[in-house]
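By convention in this document, chain letters (A, B, ...) are assigned in the order of the sequence lines, proteins followed by strands, and residues within each chain are numbered from 1.
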Amino acid sequence: MKTLTPLQNESELLQRCRALAGIELQEIASFYHQTIPKSLHQAKGFVGQLIEQALGALSANQPEPDFPHLGIELKTLPLNANGLPRETTYVCTAPYTIQACTEQWENSRVQKKLARVLWVPFEADPSIPLPKRRIGNALLWSPDKATAQILREDWEELSAMLQLGQSALLSAKIGRYLQLRPKAAHSRILSPAVNDLNELIQTNPKGFYLRTVLTQKILAEHYCQSFV
DNA sequence: TACTGATCATTC
DNA sequence: GAATGATCAGTA
């Protein structure tokens, strides 16, 4: 692992990924003088943030790609003992306001986030101690035509429901690749929305997530057998 | 055991 | 409070 210099282009980013491939979390953590938490229970974003740091991602906590200059979004992907995605992948928050709901797919936050993604798989089998879990081979990905079409259809269906104030009908079961689920510190948090009569109401904030069926498909199409 | 709804840490 | 990084955990 080398000291970070600003990233100039994609090949430098991929080169940095190759340096991380196969190494254990403890190696990265000790390089950055970070302590690995005993569990992820109270540090759910730890692995993602550690890898952001190791790859030199810039825009922390901003609604922008992790590498704004390159237009690339970084996503870590936890894999279970069978090498399959263990969790859904958070994309972005879902807009409830009239203003945000008028956005079209082409300029939606979901489309922008998913246009170019750097997937970094890592071992997340609970039987492996956190420090010993290894980083896998990264994949720079853009959705193919068929995938993009399904994402668009999901997004349009879900956005229409948000826009029409059908939040009561929204469920995490809607959507083939995307789904809408709560996204907040806890369930008491409320944000403004409209109901089907266009009246202002308060509801739990939601976010767009990618189902594991899609991330699993991405892995299957781009890797032969081993992701690590 | 997979999935949905709930929750944790941090930053601005 | 709302955005980021996500995983936890009860239940169907």
Checklist outcome for this item: Quick note, A/T93 side chain, CB onward, closest among C/dG5, B/dT4, C/dA3 is C/dA3
Checklist entry - How long is the span from the CG atom in A/L190 to the OG1 atom in A/T203, to the nearest 0.5 Å? => result 7.0 Å
Checklist entry - Any chain of hydrophobic side-chain contacts (each under 4.5 Å) joining A/L139 to A/Y177? => result yes
Checklist entry - Strictly by modelled atom types, are A/Q49 and A/Q53 linked by a side-chain donor-acceptor pair under 3.5 Å? => result no
Next on the checklist: By the 4.0 Å heavy-atom rule, please label A/P78 as base, sugar-phosphate, or nothing.
Outcome noted: sugar-phosphate
Checklist entry - Could you give the CG-to-C1' distance, from A/L50 to C/dT4, as a whole number of Å? => result 16 Å
Checklist entry - Taking N and O atoms by type only, does the side chain of A/Q62 place a donor or acceptor under 3.5 Å from a partner on the base of B/dC12? => result no
Checklist entry - Does the B/dT7 base have a donor-acceptor partner in the side chain of A/K44 within less than 3.5 Å? => result yes
Item to check | side chain to side chain contact (heavy atoms under 4.5 Å, CB included) between A/I72 and A/V117, intermediate numbers included | outcome: CA-CA 6 Å; A/I72 295 174; A/V117 179; over 6 Å; no
Next on the checklist: Using whole Å, what does the distance between atom P of nucleotide B/dT1 and atom CD of A/Q216 come to?
Outcome noted: 16 Å
Next on the checklist: Counting only side-chain heavy atoms from C-beta out, which of B/dA9, B/dG5, C/dC8 sits nearest to A/A172?
Outcome noted: B/dG5
Checklist entry - Do A/L140 and A/R116 have side-chain heavy atoms sitting under 4.5 Å apart? => result yes
Item to check | DNA chain B contacts made by residues 178-187 of chain A, counting heavy atoms under 4.0 Å | outcome: A/Q179, A/R181, A/P182, A/K183, A/A184, A/A185, A/H186, A/S187
Next on the checklist: Check the phosphate of C/dA6 against A/T76, side-chain N and O only, distance under 4.0 Å to OP1 or OP2. Yes or no?
Outcome noted: yes
Checklist entry - Quick one: A/W119 CH2 to C/dG5 P, roughly how many Å, whole number? => result 11 Å
Checklist entry - Cluster question for you: counting only ILVMFWY and a side-chain heavy-atom cut-off of under 4.5 Å, with indirect links fine, are A/I128 and A/I135 together? => result no
Item to check | Between C1' of C/dA3 and CG of A/D66, the distance in whole Å | outcome: 13 Å
Checklist entry - In whole Å, what is the span from the CZ atom of A/R188 to the P atom of B/dC8? => result 8 Å
Checklist entry - If you check every side-chain atom of A/L40, which of B/dT4, C/dG5, C/dT7 has the closest atom? => result C/dT7
Next on the checklist: What is the distance, to the nearest angstrom, from the NZ atom on A/K38 to the C1' atom on B/dA9?
Outcome noted: 17 Å
Item to check | Phosphate OP1/OP2 of B/dA9: any A/Q42 side-chain N/O under 4.0 Å | outcome: yes
Checklist entry - How long is the line joining CD of A/E64 and P of C/dA3, in whole Å? => result 13 Å
Checklist entry - So does A/R86 get a side-chain nitrogen or oxygen closer than 4.0 Å to the phosphate oxygens (OP1/OP2) of C/dC8? => result yes
Item to check | Check: C/dA3 base within 3.5 Å donor-acceptor of A/Y90 side chain | outcome: no
Checklist entry - Once you round it to whole Å, what is the distance between C1' of C/dA3 and CZ of A/F208? => result 15 Å
Next on the checklist: Please classify the nucleic acid contact of A/G45 as base, sugar-phosphate, or nothing, using heavy-atom distances under 4.0 Å.
Outcome noted: base
Checklist entry - Do the charged groups of A/R152 and A/E156 touch, with an N to O distance under 4.0 Å? => result yes
Next on the checklist: Nearest to the side chain of A/P63, heavy atoms from C-beta on, is which of C/dG5, B/dT4, C/dA3?
Outcome noted: C/dA3
Next on the checklist: Return whichever of A/H41 or A/Q49 has its heavy-atom-nearest nucleotide of DNA chain C closer to the 5' end.
Outcome noted: A/Q49
Checklist entry - Within a radius of less than 6.0 Å around NZ of A/K217, do more than 12 heavy atoms belonging to other residues, nucleotides or ligands occur? => result yes
